Amino acid sequence: QVFGLSSVAQVVLGKGSTGHYLSINMAFGIGVTLGIHASGGISGGHLNAAITITEWIVGNLSWKRLIAYMIGQFLGSFLAAATVFGLYYDALYDYTKGNFTVTGPTATALIFSTYPAPNVSLLGAFFTEFMATVMLVLGVHVIHDDKNNAALKGTQPLICGVLVLGIGLGMGMNTGYAINPSRDLPPRIFTAIAGWGTEVFTAGHHWWWVPVIAPVLGSLTGALIYKVFIDIHNQPDEEIENRKEERGVETS
């Protein structure tokens, strides 16, 4: 999260001279890659509250782990926002002359949380977040499904980072691709406390709830689509083990 938010700060506060839209996408992809490497052995890489909730709903996660993971996600995201705020406070103050605003020519709240583009309706923005999360979850399942053509062991974090990069490159214009409640809500709460005020919850036709609800629905839909169209058609575990044994014999 620190990588992603700080890259947005550089683009906004540097007025385009210290980064561009591509650099933001790359930074978020790098952040996801490192985050999965850091947490993969502990939680399996639970960085996204929408996916964590989906895993709990389908029965792959206990409610105790659900609470623990979500506390970690929200606390980490909040602290990331605070870190970037401290890192760029001088630049923020100089850019805004001390007037932290959500909208207008020197708006800076968008450094920390997502806001819809002015020409996008609330319904269109909701659909964007929903579909982007569907694609995220489908991609995550493809990468990790050992019954299918999963990514090589050890490469999954990097490919997940590339997946996030791809979503940003193709679906980021409308909403800034939150695709994760724990990426968007904690920094929004931080900005409300740090000087931007309650407008962070009313801007964009009360946009704040969309990056919370749409990703959860998108994650559930993505998991269902993968189950129906791919997972139930995968070979049973016994056949996969037999094929692995056959390949081992052939190699020998």
Side-chain angles (χ1 to χ4, degrees), residues 1 4 25 28-29 31-32 35-36 43-74 76-78 110 112-117 119-145 160-161 163-189 200-232:
Q1 185 84 328
N25 295 323
F28 273 107
V32 167
I36 296 173
S43 71
H46 276 265
L47 305 179
N48 189 321
I51 295 177
T52 300
I53 291 170
T54 298
E55 289 293 292
W56 172 68
I57 289 174
V58 301
N60 294 335
L61 204 64
S62 68
W63 66 268
K64 289 183 179 179
R65 287 184 180 270
L66 170 73
I67 294 172
Y69 291 168
M70 290 191 66
I71 289 174
Q73 291 163 359
F74 275 70
S77 186
F78 186 91
L110 64 134
F112 301 93
S113 295
T114 64
Y115 293 87
N119 63 334
V120 178
S121 68
L122 193 63
L123 180 60
F126 188 99
F127 184 65
T128 299
E129 284 294 320
F130 173 82
M131 281 307 305
T133 312
V134 168
M135 298 309 297
L136 172 70
V137 172
L138 287 174
V140 168
H141 277 80
V142 168
I143 292 165
H144 290 90
D145 189 355
C160 283
L163 171 62
V164 172
L165 169 63
I167 291 172
L169 290 175
M171 304 182 191
M173 183 177 75
N174 287 349
T175 63
Y177 71 111
I179 58 175
N180 181 358
S182 49
R183 172 264 179 269
D184 197 80
L185 185 57
R188 195 177 301 276
I189 295 171
V200 299
F201 294 104
T202 60
H205 304 289
H206 295 80
W207 157 258
W208 72 271
W209 64 271
V210 175
V212 176
I213 302 300
V216 174
L217 296 178
S219 179
L220 286 166
T221 303
L224 177 62
I225 291 172
Y226 193 85
K227 182 73 175 178
V228 171
F229 290 98
I230 296 179
D231 188 49
I232 62 174

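Just the heavy atoms: all of them, side chains too, but no hydrogens, waters or symmetry mates, feed the values below. Every value quoted in this text rests on a predicted model; they were computed, and no experiment measured them.
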Asker: To the closest 0.5 Å, what do you measure between CG (N60) and CG (L66)?
Answerer: 12.5 Å

Asker: List the residues meeting salt bridge (Lys or Arg N to Asp or Glu O under 4.0 Å) with D231, not counting sequence neighbours, and say none if there are none.
Answerer: K227

Asker: For D145, check side-chain hydrogen bond (donor to acceptor under 3.5 Å, both in side chains) against everything at least two apart and list the hits.
Answerer: Y226, N234

Asker: According to salt bridge (charged side-chain N to carboxylate O under 4.0 Å, His left out), does anything in residues 50-73 pair up with another residue at least two apart or in another chain? List the pairs.
Answerer: none

Asker: State, to 0.1 Å, how close P186 and F78 come at their nearest heavy-atom pair, and which atoms those are.
Answerer: O-CD1, 3.5 Å

Asker: Sorted by first residue and then second, give each salt bridge (charged side-chain N to carboxylate O under 4.0 Å, His left out) pair with at least one member in residues 130-141; sequence neighbours left out.
Answerer: none

Asker: Residues in side-chain contact (heavy atoms from CB on, under 4.5 Å) with I36, at least two apart?
Answerer: V32, L47, P157, C160

Asker: Can you tell me how far CG of L169 sits from CG of N25, rounded to the nearest 0.5 angstrom?
Answerer: 4.5 Å

Asker: Tell me the closest heavy-atom pair linking V164 and Y177, and the distance in Å.
Answerer: O-CE1, 3.9 Å

Asker: I want to check something: taking the side chain as every heavy atom from C-beta on, are H141 and I230 in contact at a cut-off of under 4.5 Å?
Answerer: no

Asker: With heavy-atom distances below 4.5 Å as the criterion, would you say the side chains of T54 and V137 are in contact?
Answerer: no

Asker: Tell me, please, which residues at least two apart from L224 pass side-chain contact (heavy atoms from CB on, under 4.5 Å).
Answerer: V228

Asker: For residues 203-217, which residue pairs qualify under side-chain hydrogen bond (donor to acceptor under 3.5 Å, both in side chains), counting only residues two or more places apart or in two chains?
Answerer: T114-W207

Asker: Run the side-chain donor-acceptor check on residues 120-136: report pairs under 3.5 Å with partners two or more places apart or on a different chain.
Answerer:
residue: S121; atom: OG; partner: G124; partner atom: N; Å: 3.0
residue: T128; atom: OG1; partner: G124; partner atom: O; Å: 2.9
residue: T128; atom: OG1; partner: N174; partner atom: ND2; Å: 3.0
residue: E129; atom: OE1; partner: A178; partner atom: N; Å: 3.3
residue: E129; atom: OE1; partner: I179; partner atom: N; Å: 2.8
residue: E129; atom: OE2; partner: T175; partner atom: OG1; Å: 2.5
residue: E129; atom: OE2; partner: A178; partner atom: N; Å: 3.0
residue: T133; atom: OG1; partner: E129; partner atom: O; Å: 2.7

Asker: Just wondering, do V216 and P181 contact through their side chains at under 4.5 Å, heavy atoms?
Answerer: yes

Asker: Looking only at non-hydrogen atoms, find the nearest pair between S77 and P187 and report the distance.
Answerer: OG-CD, 3.2 Å

Asker: Give me each pair satisfying ring pair (Phe, Tyr, Trp, His ring centres under 6.0 Å) with a member in residues 46-74, each pair once, sequence neighbours excluded.
Answerer: H46-Y69

Asker: Holding to ring-ring contact (aromatic ring centres under 6.0 Å, His included), I want the full list of residues that pass it with F112, two or more places apart in sequence or in another chain.
Answerer: W196

Asker: Any pair with a residue in residues 164-187 that passes salt bridge (charged side-chain N to carboxylate O under 4.0 Å, His left out), sequence neighbours left out, goes on the list, sorted by first then second residue, please.
Answerer: D184-R188

Asker: Would you say N180's side chain and A49's backbone share a donor-acceptor pair under 3.5 angstrom?
Answerer: yes

Asker: Just verifying a value: how many Å separate T52 OG1 and I67 CD1, rounded to the nearest 0.5 Å?
Answerer: 12.5 Å

